[in-house]
K.L.:
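Provided herewith is a single structure, encoded as structure tokens, for subsequent inquiry.
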Amino acid sequence: MHNVTEDVRHEIRTAVSEAIASSELGVQVGRVQACDVPVELTRDKSYGDFSTTVAMSLAKQLRRPPRQIAESIAETLRSTARKTCYIRRVEVAGAGFINFFLSRAWLEDTIRAVHAAGPAYGTSDAPVGRRVQIEFVSANPTGPMNVVNARAGAVGAALASIMRAAGYDVSTEYYINDAGNQVAVLGESVELRYRQLQGERIEFPEKCYQGAYITDIAREAAAKHGEKLKAMAADERTRFFREFALARMLESQKRSLARFGVDFDVWFSERTLVESGAHREMLGILRERGMVYEKDGATWLRTTDFGDDKDRVLVKSDGEYTYLAGDIAYHRNKLGRGFDLIIDIWGPDHHGHVIPTRAGLQALGYPGECLEVLLLQFLSILSGGERVKMSKRAGEFVTMDDLVDEVGRDAARYFLLMRNIESHLDFDLDLAKSQSQENPVYYVQYAHARICSIFRQAEENGVTIVEPSGADLSRLVEEVELDIARKLAAYPDEIATSAADRAPNRLAKYALDLAGLFHSFYNSCRVISDDAGLTSARLALSGAVGTVLRNCLDILGISAPEKM
RNA sequence: GCGCCUGUAGCUCAGGGGAUAGAGCAACUGCCUUCUAAGCAGUGGGUCGCAGGUUCGAUUCCUGCCAGGCGCGCCA
């Protein structure tokens, strides 16, 4: 009873498959496997509860009108002596849909299933058994977390939760880019600011990071290590500033992420990778496999063998590894840790790296499908109707912290999750601030708080709260009550689809729809009344909605308040 | 020039091979002596960018075009 919808689907599939085999159609089509019968929850309940389009897909093969085929299948289903437990009525409609009207027992069972499973409702019974790693955010440690990182954080964390709910074994990872030359530039920026603070009249180069946070770090270094710094030799001091600045930036980035509620299972340092000799090792394997060649003093990878439009450099003529080489080595390391699927969430400006990186893995002998890159589209911040320019070097941006301060963590996360990941997202700060009352996240949270309030009220009034399994759910007869139960039944499908499509926004929409149904119910039906039986039934329904809302919000990384 | 993403209501966007295309905002009208009005009920609003193709069926998939965003380094 964990997943009633799946049970029903199975029942319908089997019945249809058997009906086709035993009807006159069976001779022509042969056996149609039950799993090949598409069974969907209907969009509109006038089409019944579930529907199949199998007749339409058989039309071509049988060279008969789909409606006729549907009638034939339906007729056989109706005359089947063996009474199935949920199916009550079978109708043919439209172009050849076979619609199934079920007994209300399936909705009552759904409500009971939600109560029985609680937080586990909607999660998959059968683990998919694939080890998945999702890497996201992985910002350069050269500036504060910005809103693009916030979007990646919200999406990555939600996707990880959704895929876990769908049965995947998921690990989340943050790649710390602590080995590149941008760290040297960061150190240099801080050191120059420090020297300026010491009264030296020196120019601050354009390539350095301009933000005020650089000066803050310089000031902090001076305050803590003032005397020691003065005594240092030049190269020693440069090294000091690089390490000091890096440590401070990482600390501040981790703090921002923690405030935003995004956590990672693994923080992976690029340095440890470099120091482990992973690059050299990778290159050795590629060389053995004949995948690299020398040209113009550089070492090239034959990415064109795997669909790239030109080969790529792995080792520059100055002997340094390229960014691509590092990425391939890193991904090889990930796969070496036993993951079957690597999901990276990147910005759209990195889309050109997808093919070369995958090509690198293929060149190493891995299947291309083991790397999936989700390109998260950009996010613009609108303030006063104007697009806020964001440039890290210029030090202009709205930070993740700003977002949390101004809009709040829950609202920020919901907003960032609301949209399809491949859609450009306009985040209007003024709107989010001024209209925070109408914010969709409050709508969902409010439904949850209302449900909690009902239960508090029931307790205060001394209403005996019957165990849901004991409530007489046949008392739920209002249309909106049954609509809610139907929506609860759709939840497991919603989790599965959101996971398969890598689409957290679907779940955000589901939560909004369920909350809407509940608000509607709340306004037209009184839960606590003199009718004890009805009260129990409605409490059971409300409690089930509360559970599912909580599950959704939890997955999305948003709090489910008991009071608002 | 090549590549990726987008084009759906006045605005911001969902949806998606199927049966009358949805929500919020904005506008208007009602609903608080009863469990939270951060709520509900209702009204108006659409050639799903354009043109072909595949299909029993396309707004959805494919191709081309148009428009917008972004990217095309021995940078990271």
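Proteins get letters first, then strands, A, B, ... in listed order; numbering begins at 1 in each.
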K.L.:
Fit a plane to each ring of A:W300 and A:Y293, take the angle between them on a 0 to 90° scale, and name the class: parallel (under 30°), tilted (30 to 60°) or perpendicular (over 60°).
P.N.:
parallel
K.L.:
Stacking here means centres under 5.5 Å and planes under 30°; does A:Y47 stack on B:A19?
P.N.:
yes
K.L.:
Side chain of A:A93, heavy atoms from C-beta onward: which of B:A19, B:A76, B:A37 has the nearest atom to it?
P.N.:
B:A19
K.L.:
Between the base of B:A76 and the side chain of A:H353, is there a donor and acceptor pair under 3.5 angstrom?
P.N.:
yes
K.L.:
Would you mind telling me which of B:G15, B:C13, B:A76 lies closest to the side-chain atoms of A:Q182?
P.N.:
B:A76
K.L.:
Which residue pairs satisfy the salt bridge (charged side-chain N to carboxylate O under 4.0 Å, His left out) criterion with at least one member in residues 513-525 of chain A, sequence neighbours excluded?
P.N.:
A:K487-A:D513, A:K509-A:D513
K.L.:
Just need the stems in RNA chain B: three or more back-to-back Watson-Crick or G-U pairs, each with both distances under 3.5 angstrom, sorted by first number.
P.N.:
B:1-7 with B:66-72, B:10-13 with B:22-25, B:27-31 with B:39-43, B:49-53 with B:61-65
K.L.:
Taking the side chain of A:Q457 as heavy atoms from C-beta outward, which of B:A38, B:C35, B:C56 is closest to it?
P.N.:
B:C35
K.L.:
Do you see a donor-acceptor pair shorter than 3.5 Å between the side chains of A:R358 and A:H331?
P.N.:
no
K.L.:
When you compare the side chain of A:R502 with that of A:V155, does any pair of heavy atoms fall below 4.5 Å?
P.N.:
no
K.L.:
When the distance from CD1 of A:I355 to P of B:C2 is rounded to whole Å, what number comes out?
P.N.:
16 Å
K.L.:
Atom CG of A:D44 and atom C1' of B:G15: how far apart are they, to the nearest Å?
P.N.:
15 Å
K.L.:
Got a donor-acceptor pair under 3.5 Å from the side chain of A:D327 to the base of B:A76?
P.N.:
no
K.L.:
Using a 4.0 Å heavy-atom cut-off to protein, can you give one letter per nucleotide of nucleotides 67-74 of chain B, 5' to 3': B if the base is in contact, S if only the sugar-phosphate is, - if neither?
P.N.:
-BSSSSSB
K.L.:
Are A:F97 and the base of B:A19 stacked, counting only ring centres nearer than 5.5 Å and planes tilted under 30°?
P.N.:
yes
K.L.:
Write down the distance between CZ (A:R526) and C1' (B:G39), rounded to a whole number of angstrom.
P.N.:
15 Å
K.L.:
How close or far is atom P of B:C35 from atom CZ of A:R456, stated in whole angstroms?
P.N.:
13 Å
K.L.:
CZ of A:F415 versus P of B:C25: gap in Å, rounded?
P.N.:
11 Å
K.L.:
Output the single nucleotide from B:A19, B:G18, B:A14 whose closest atom is nearest the side chain of A:T42.
P.N.:
B:A19
K.L.:
Take the protein atom CG of A:L517 and the nucleotide atom P of B:G39, then report the distance between them rounded to whole Å.
P.N.:
15 Å
